[in-house]
S.K.: 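This is the structure, below, for whatever I ask next.
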Amino acid sequence: MSGSLLLRGGRIIDPSQSLDQTGDVLVVDGEIAAIGPRAGNEAAGRDGLQTLDCSGLVVSPGFVDVHCHLREPGREEVETIATGARAAAAGGFTAVCAMPNTDPVTDNQAAVGFIIRQASRANAARVYPVGAISVGQKGESLAEFGEMVSAGAVAVSDDGRPVASAHLMRTALEYARTFGIPVADHCEEPTLAKGGAMNEGIVSARLGLKGVPAEAEEIMAIRDILLARRTGGHIHLCHMSTRGSVELIRWGKERGVNVTAEVCPHHLSLTEDAVGDYDTNAKMNPPLRTADDVAAIQEAVTDGTIDLIATDHAPHHYDEKEREFADAPNGIVGLETALAVNLTWLVAPKRIDLPTLIEKMSCAPARVFKLPGGTLRRGGAADVTVFDPEVEWTVDPAAFKSKGRNTPYTGRTLRGRVRWTVVGGSVVHGEGGAGKGRGSARGRG
Amino acid sequence: MTLSLGKDLLGLEPLSGEQIRLILDTAEPFKEISERAIKKVPTLRGATIVNLFFEASTRTRVSFEFAEKRLSADTVNVAASGSSVSKGETLVDTARNLEAMRIDMVVIRHSASGAARFLADRIESTVINAGDGTHEHPTQGLLDMLTLRDHFGRLEGIKVCIVGDVLHSRVARSNIWGLTKMGAQVGVCGPRSLLPNAIDDFGVTVFDRVETALEWADALNILRLQLERMTAGYIPSLREYNRVFGVSRERLEAAKRDVLILHPGPMNRGVEIDSDVADGPFSVILDQVTNGVAVRMAVLYLLSGGRPELAEAAKKGGGGER
């Protein structure tokens, strides 16, 4: 786009350049043109310059979510790529990866192309498709990774349908090497997890709900790590939730295995107690675990064992959650609460500092999935998030941009909120933004 | 301040020992009504009660129905076929429709844990849990306790061991909560594959062998073994279950002490309990059934706003204050 945007006087935190200083960010033609204490000077005299006063706010590279569910095609009544991309922008995400558990499954180049096209119309966050590992997510034969990557896919995953066959996972890890993409796995040993509705423990025993033991996740985590060691492929472990998983990832990393891992804000903040008296908005997969698990994964974020934070944004229609606990679907929306949850539970109690949070929500996800963004380096696309790290607000799902309302944080007062989200130089979220211009989903690179 | 039960009876876990004692004490005067030639008092005249059974049940449904009828309530039985995920009306729609008919109470039996709570949170009418999934079956727990109290004269300090499939048993959970709150000692005995992994956190003593449990317990509450547990791989065979965990006369005699035998029914004779034990001198299984009606009358009475001290008067036929 043409035109210029000046983000003036904010605290610029860009871990990709080890930057933490007060200054300006000047955007020209959709790219970062200048950054630093005097970058504003270069804006003088520019025609149509839009200025946003960022004093007291944090200016960071745009957040990148490598794990969300946008439901289109197939469940457009629950979410569309457009509403999902707008919810992402509202949460400070400038790019998100859409999981392939759509209907039909995103397991071929045409399906990947459809998502790219829909995203280009949304004028919000960029959307990068994740292709399926197996045809139809059936866990039998490999999908066409090469064609999907050519069409714009950035990773492969069978997502909520865990890859039960160790042989298929091995082959996927080997085959994915040609294309340099991560294989993302939802770790769940299906026979152990079958029928489970929450974490197995005292709460599940009390409530009479079938539990999913931590081992269902850990068995698959170590299987995947061992297969990555064997094949040299890149395994990305989705939404890790247990102390045991953290220890296994640490074991793998110490041995140089190409393993990366993500955690979700809800697993960093809530325990199985949130299920309370059968609150289906606290039902997700993997389930909320124990306080000890939460402490372990918080520590793993701090020490780097966990690479990044992803939302696992999973919208559902309210009717679907308004039912018996065992029958309600798994998942919660997360795009619009992720930043505040992380600030409230990680930064405010000083478990991590702001630069580390930005590293985990922006730089690391971009780096691990080899996506553009995650940096404010001069000459790069101007994907920028501006947020107030202190302001308190109360979660009201009715105000979400997402069609989903299913969140366990309803009514909670959280800290920190996105003020502006800039994608490719256009303000796609926030007051006073022009809101026009581009917003297309770019392919890789 | 008068002690009350609140709007609903969803489980024994949320109740205090005092509330449980109140129900048991209130059940006492109601026992006698069932012994009369004309088994009816006008206590709940004009009250409408729906028995909403999403799961097959004979004993519990009939027991509730008798309790309601002997208190002169107007009752409707709804046997909703199919379970939760089936097509057709959702539980929330069912709830709203019942509410729209201005009923006073719903007695619900459902295959999903939490279904009674779900309903109670959404309607103003009183909800009584008649068994929800593998969660709780509070009136069963109450009638078991009434039967134990009848026999021992107290609940404090007695040792009760629950034998069998504790993992999938709502009866076990209600008994554990209720008995613990009343000061009894609770044991559980069964194959480890049918005990919750977190059983130690329930404050109960775990017995791996039924012989050891018999040496410890004053009473055994023997759970029904659902036949599908075998096909689901929790135990190898019913035959072996009977050999290792079945309560037989030989085992009772070997314990060399009198152990009271309870069973919530329906029994699998020859599996978890042998016939000569079920029909033997220590069995109070039919007393449980009799007490079931009295306990349910007490629960209906208290939840409808009846004052405990007037239960005696209600019995005499007059005091139908609601």
S.K.: Short question: side chain of B:S174, backbone of B:H137 - any donor-acceptor pair under 3.5 Å?
M.R.: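 Such a contact is found between B:S174 side chain and B:H137 backbone.
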S.K.: Against chain B, label A:E322 side chain, backbone, both or neither, depending on which of its atoms sit under 4.5 Å from a heavy atom there.
M.R.: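 Both parts, backbone and side chain.
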S.K.: Within 45 degrees of the ring normal and closer than 6.0 Å to the centroid, is that where the cationic atom of B:R117 sits relative to A:Y278?
M.R.: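 Because its charged atom misses either the 6.0 Å distance or the 45° angle limit, B:R117 does not stack over A:Y278.
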S.K.: With the threshold set at 4.0 Å, does a side-chain nitrogen-carboxylate oxygen contact exist between A:E320 and A:R75?
M.R.: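 Counted as a salt bridge, because a side-chain N and a carboxylate O are separated by less than 4.0 Å.
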S.K.: Tell me, yes or no, whether the heavy-atom count around A:E76 atom CD, taken from other residues, nucleotides or ligands under 6.0 Å, exceeds 12.
M.R.: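 Atom CD in A:E76 is packed in, count exceeds 12.
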S.K.: Does any backbone or side-chain atom of B:R170 lie under 4.5 Å from a heavy atom of chain A? Answer side chain, backbone, both or neither.
M.R.: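 No part of B:R170 comes within 4.5 Å of chain A.
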S.K.: Using heavy-atom distances under 4.5 Å, tell me whether A:A326 contacts chain B through its side chain, its backbone, both, or neither.
M.R.: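 When you check distances to chain B, no heavy atom of A:A326 falls under 4.5 Å.
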S.K.: Should B:R96 and B:D93 count as an ion pair when the cut-off is N to O under 4.0 Å?
M.R.: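 A salt bridge is present here (some side-chain N lies under 4.0 Å from a carboxylate O).
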S.K.: Between B:G11, B:A115, B:G133, B:S113, which has the largest tally of heavy atom pairs under 4.5 Å with chain A?
M.R.: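 Highest number of pairs under 4.5 Å: B:S113.
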S.K.: Counting only heavy atoms closer than 4.5 Å, note whether B:D132 contacts chain A via side chain, backbone, both or neither.
M.R.: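 For B:D132, side-chain heavy atoms alone lie under 4.5 Å from chain A.
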